[in-house]
Amino acid sequence: MKRMLSLFMTAVIGLTSVPIAVYAQQNSGQITFSQQELDQLMAPIALYPDSLLSQVLMATTYPLEVVEAARFVKQNPTLTGDALVEAVQAEPWDQSVKALAQFPSVLTMMDDQLAWTQKLGDAFLAQQGAVMDTVQSLRAKAQAAGTLRSNQQQQIAIQDGAIDIEPVAPDVISVPYYNPNVVYGAWWWPDYPPMVWVPPSYYWPPYYGDATVAGIAFGVGIGI
């Protein structure tokens with residue numbers, strides 16, 4: 001857990017870093033979300049690689065910028081790689097939002113599910129510790145269910161009692177696609193079902209359907 005908290009303070013994707021000062025915005029430990037709600041909110045992204053997860057959580061605190069970035073990426077489909085990095089640097093967005101421009105399917109999900117994005121951002125600001133604990137709890141459930149394991153895209157390691165998810169190649173990140181109702185086993189809060197987002201078909205890897213029925217599908221690795 002210490003290592004995971006450290007990742008959230010110093011997380012980096014490419015040249016993008018998360019400023020520690022941002023975390024001073026959180027409410028002095030005020031509890032506003034139940035564990036049922038935190039499980040529900042975190043289920044769709046808890047199995048993301050640590051570095052990508054950190055940027056997603058930070059970006060949820062800037063929902064309007066997420067919308068702008070999603071529109072920018074959709075309007076400029078030919079911009080990729082270094083050209084896209086340079087283009088977004090001119091925009092007045094938070095660095096976490098700029099980092100996610102490299103992951104258009106993630107931005108699309110956050111834009112499509114804006115109410116979820118806003119609520120998750122509120123939870124992260126108000127209860128960062130509880131959010132991190134929820135990530136670990138969900139990862140433990142997925143590991144127990146046999147769906148979270150090391151493969152060609154990711155390495156699963158336990159350090160200081162925390163389950164870490166790192167890309168096999170440090171400069172290549174693959175976005176995992178999964179159904180929360182499958183990967184964690186039978187969902188345990190019937191009144192708080194997790195959000196299930198199906199990405200547009202042009203983001204699907206060839207084996208998307210079969211993989212998400214049984215576990216996790218991984219998109220094409222994105223070089224950072």
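These numbers were taken from a predicted model, which means no experiment stands behind them.
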Applying side chain to side chain contact (heavy atoms under 4.5 Å, CB included), run through Leu120 and Met42 and close with a yes or a no. CA-CA 8 Å; Leu120 180 55; Met42 290 305 303; 3.4 Å; yes
Tell me, with the steps shown, if Leu57 and Val131 meet side chain to side chain contact (heavy atoms under 4.5 Å, CB included). CA-CA 10 Å; Leu57 285 176; Val131 166; 4.1 Å; yes
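Looking only at atom types and distance, the side chain of Thr60 has no donor-acceptor partner in the side chain of Gln118 under 3.5 Å away. Judged by distance alone, the side chains of Thr134 and Gln35 do bring a donor and an acceptor atom under 3.5 Å apart. Inspection of the Ser105 and Tyr177 side chains reveals an N or O donor paired with an N or O acceptor under 3.5 Å. No side-chain donor from either of Asp39 and Trp187 sits under 3.5 Å from a side-chain acceptor of the other.
With Thr147 contributing its side chain and Val183 its backbone, the two residues share a donor-acceptor pair below 3.5 Å. Under the 3.5 Å distance criterion, the side-chain polar atoms of Ser137 are left unmatched by any main-chain donor or acceptor of Asp133. In this structure a side-chain-to-backbone donor-acceptor pair under 3.5 Å is missing from Gln159 to Asp164. A distance-only check finds a donor-acceptor pair linking the side chain of Gln40 to the backbone of Pro193 [under 3.5 Å]. Between the side chain of Glu166 and the main chain of Pro49, no donor-acceptor pair closer than 3.5 Å is present. In this structure, Thr117 contributes its side chain and Met110 its backbone to a donor-acceptor pair below 3.5 Å. Between the side chain of Gln153 and the backbone N or O of Ile173, no donor-acceptor pair lies under 3.5 Å.
In this structure, Met195 and Met109 have side chains that are in contact, with non-hydrogen atoms separated by less than 4.5 Å. Side-chain contact between Ile45 and Leu53 is present, with heavy atoms from C-beta onward closer than 4.5 Å. When side chains are defined from C-beta on, Tyr178 counts as touching Pro180, because their heavy atoms get closer than 4.5 Å.
Every residue two or more places apart in sequence or in another chain that forms a side chain to side chain donor-acceptor pair (under 3.5 Å) with Trp93 is listed here: Glu68.
The pair Asp111-Lys74 meets the salt-bridge criterion, since a charged nitrogen lies less than 4.0 angstrom from a carboxylate oxygen. The pair Glu37-Lys119 meets the salt-bridge criterion, since a charged nitrogen lies less than 4.0 angstrom from a carboxylate oxygen.
Hydrophobic clustering (side-chain heavy atoms under 4.5 Å, transitive across Ile, Leu, Val, Met, Phe, Trp, Tyr) groups Leu107 together with Trp204. Under a hydrophobic clustering in which Ile, Leu, Val, Met, Phe, Trp and Tyr are joined whenever their side-chain heavy atoms come within less than 4.5 Å, directly or via other members, Leu41 and Trp189 fall into the same cluster. Linking ILVMFWY residues whenever their side-chain heavy atoms come closer than 4.5 Å, directly or via other members, places Val73 and Tyr202 in the same cluster. Under a hydrophobic clustering in which Ile, Leu, Val, Met, Phe, Trp and Tyr are joined whenever their side-chain heavy atoms come within less than 4.5 Å, directly or via other members, Val182 and Ile165 fall into different clusters. Following chains of ILVMFWY side-chain contacts shorter than 4.5 Å, one cannot reach Leu64 starting from Val88, and the two form parts of different hydrophobic clusters.
Nearest heavy-atom pair across Arg149 and Gln154 is O-NE2, 3.0 Å. The two residues Tyr48 and Pro176 come nearest to each other via the heavy atoms CD1-CG, 3.5 Å. Here the closest non-hydrogen pair linking Phe72 and Ala87 is CZ-CB, 4.0 Å. Closest non-hydrogen pair, Tyr184 versus Ala145, comes out as C-CB, 4.3 Å. Closest heavy-atom contact between Leu84 and Ala101: CD2-O, 3.2 Å. In terms of heavy-atom proximity, Gly121 sits nearest to Thr61 at O-CG2, 3.8 Å.
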